[in-house]
J.: 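Dropping a structure here in structure tokens format, bear with me for questions.
Below, chains carry the letters A, B, ... as their sequence lines are ordered, and counting in each starts from 1.
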Number of protein chains: 2
Amino acid sequence: MNIGEAAAKAGLPAKTIRYYEDIGLVKPGRDTNGYRAFVAADVHKLTFLAHARTLGFSIEDCRDLLALWEDTDRASADVRRIAQDHLARIEAKIVDLQNMRDTLKTLVRDCAGDDRPDCPILQSLGDPHKKTPA
Amino acid sequence: MNIGEAAAKAGLPAKTIRYYEDIGLVKPGRDTNGYRAFVAADVHKLTFLAHARTLGFSIEDCRDLLALWEDTDRASADVRRIAQDHLARIEAKIVDLQNMRDTLKTLVRDCAGDDRPDCPILQSLGDPHKKTPA
DNA sequence: CATAGGCCTTCCACTCACTGGAAGGTCAAG
DNA sequence: CTTGACCTTCCAGTGAGTGGAAGGCCTATG
């Protein structure tokens with residue numbers, strides 16, 4: 001199967017798959033014409049990658065997860081640790097964004113949003129004595 | 001004032017300030033020795049930038065906000081629009097991350113995390129029929 | 001006066017995870 | 001034989017900096 005079909009099946013752009021090969025995440029064979037030749041296992045791997053990336057795992061996390069995935073003797077604790085670390089990072093990011101959102105909401109709420117030049121958003125951003133919000 | 005002092009006052013690394021000059025966000029003067037010479041207005045601008053970046057505004061948003069900040073005739077509605085657009089992007093991101101978090105939480109919860117190779121996280125990530133979660 | 005160190009300067013390369021595009025080869029259909 | 005859809009490689013750019021090298025400047029001390 002050529003890259004186009006593999007891309008469609010895995011739900012990834014062909015360009016991304018070439019990139020994944022570049023960085024050693026997948027190693028499809030080659031036809032005599034030089035085209036990449038994907039087998040079912042390659043597509044499965046790509047699907048795995050697509051899911052993991054959708055969940056926000058970094059490429060390096062994906063590399064580790066793939067290695068564990070291919071190691072039938074792995075301990076589930078290893079996988080769990082990666083997932084939990086990632087979960088912690090996501091939760092931290094959510095808190096960060098929520099703080100930003102709250103600050104922004106306050107600013108937007110206090111801004112008349114009319115033709116007058118008076119704007120509490122700019123005032124707040126420019127205040128040198130203000131503690132950096134969020 | 002040299003870049004080090006400006007950096008300390010604005011709460012930004014000197015490298016970042018040089019970068020901001022590079023992309024035209026600030027235009028400090030120069031001493032005869034070639035050192036950047038920052039005046040209070042420059043530091044104020046940098047403080048503004050630091051706050052806006054902390055709130056997650058993109059550099060291009062910051063450029064627009066700075067222009068509005070310097071335009072005493074601006075309409076507060078212009079500022080408000082930028083802030084509201086940004087707020088919407090942040091809220092969308094929060095939802096994304098919350099979905100990720102929920103999926104990951106489920107996976108982590110279902111994973112024994114022991115020495116056995118059996119791992120629902122890897123199973124779920126590799127399942128080709130599975131709808132991409134989150 | 002020399003030198004040490006702490007600033008400052010520029011420039012180049014690297015990050016992350018792709019994405020866009022150019023230039024060119026291959027293949028099946030009409 | 002040509003068209004058009006594929007495929008190939010390679011180069012460059014994204015955002016927002018960060019790290020480091022090579023070298024200039026300034027102040028304080030011996």
J.: Within less than 4.0 Å of OP1 or OP2 of D/dG15, is there a side-chain N or O belonging to B/Ser58?
T.: no
J.: Checking only heavy atoms, does the side chain of B/Tyr20 share a donor-acceptor pair with the base of D/dG17 at less than 3.5 Å?
T.: no
J.: Check this for me: does the side-chain of B/Tyr35 come within 3.5 Å of the base of D/dG24 through a donor and an acceptor?
T.: yes
J.: Please lay out, stage by stage, how A/Asp71 and A/Asp78 fare under the test side chain to side chain contact (heavy atoms under 4.5 Å, CB included).
T.: CA-CA 11 Å; A/Asp71 172 10; A/Asp78 293 343; over 6 Å; no
J.: Nearest of C/dT9, D/dG17, C/dG21 to any side-chain atom of B/Ile59?
T.: D/dG17
J.: For B/Phe57 and for A/Gly4, find the nucleotide of DNA chain D with the closest heavy atom, then tell me which residue's nucleotide is more 5'.
T.: A/Gly4
J.: Below 4.0 angstrom from OP1 or OP2 of C/dA17, is there any side-chain N or O of A/Arg18?
T.: no
J.: Which part of the nucleic acid does B/Ile23 contact within heavy-atom distance under 4.0 Å: base, sugar-phosphate only, or nothing?
T.: nothing
J.: Grab the NZ-P distance between B/Lys15 and C/dT9 for me, whole Å please.
T.: 11 Å
J.: Specify the separation, in whole Å, of atom CD1 of B/Ile3 and atom C1' of C/dT10.
T.: 12 Å
J.: Provide, to the nearest angstrom, the distance between the CD1 atom belonging to A/Ile17 and the C1' atom belonging to D/dC7.
T.: 13 Å
J.: Consider the side chain of B/Pro13, meaning its heavy atoms from C-beta on, and name the nucleotide among D/dT18, D/dG19, C/dT19 that approaches it most closely.
T.: D/dT18
J.: Write down the distance between CG (B/Asp22) and P (C/dT10), rounded to a whole number of angstrom.
T.: 9 Å
J.: Around B/Asp115, counting heavy atoms of other residues, nucleotides and ligands shown, do more than 12 lie under 6.0 Å from its CG?
T.: no
J.: Can you tell whether the side chains of B/Glu21 and B/Lys27 come within less than 4.0 Å, N to carboxylate O?
T.: no
J.: Just to confirm, is there a sub-4.0 Å distance from OP1 or OP2 of C/dC18 to any side-chain nitrogen or oxygen of A/Arg53?
T.: yes
J.: On the nucleotide D/dT8, are OP1 or OP2 found under 4.0 Å from the side-chain N or O atoms that A/Arg36 carries?
T.: yes
J.: Report yes if at least one side-chain N or O of B/Asn33 is closer than 4.0 Å to OP1 or OP2 of D/dC26; otherwise report no.
T.: yes
J.: Should the ring pair B/Trp69 and B/His44 be called parallel, tilted or perpendicular, given that the plane angle runs from 0 to 90° and is split at 30 and 60?
T.: perpendicular
J.: Using a strict cut-off of less than 4.0 Å between a Lys/Arg side-chain nitrogen and an Asp/Glu carboxylate oxygen, indicate whether B/Asp61 and B/Arg89 qualify as a salt bridge.
T.: yes
J.: Would you indicate whether B/Asp110, at its atom CG, is surrounded by more than 12 heavy atoms from other residues, nucleotides or ligands within a distance under 6.0 Å?
T.: yes
J.: Has B/Thr16 got a side-chain N or O lying under 4.0 Å from the OP1 or OP2 atom of D/dT18?
T.: yes
J.: Tell me: OH of B/Tyr19 to C1' of D/dG15, nearest whole Å?
T.: 6 Å
J.: If I take atom CG in residue B/Asn2 and atom P in nucleotide D/dC26, what distance separates them, rounded to the nearest angstrom?
T.: 10 Å
J.: Round to the nearest Å and state the distance from B/Leu12 atom CG to D/dA16 atom C1'.
T.: 12 Å
J.: For DNA chain D, whose closest nucleotide is more 5', that of A/Ala14 or that of B/Thr32?
T.: A/Ala14
J.: Take the protein atom CZ of B/Phe38 and the nucleotide atom P of C/dC7, then report the distance between them rounded to whole Å.
T.: 16 Å
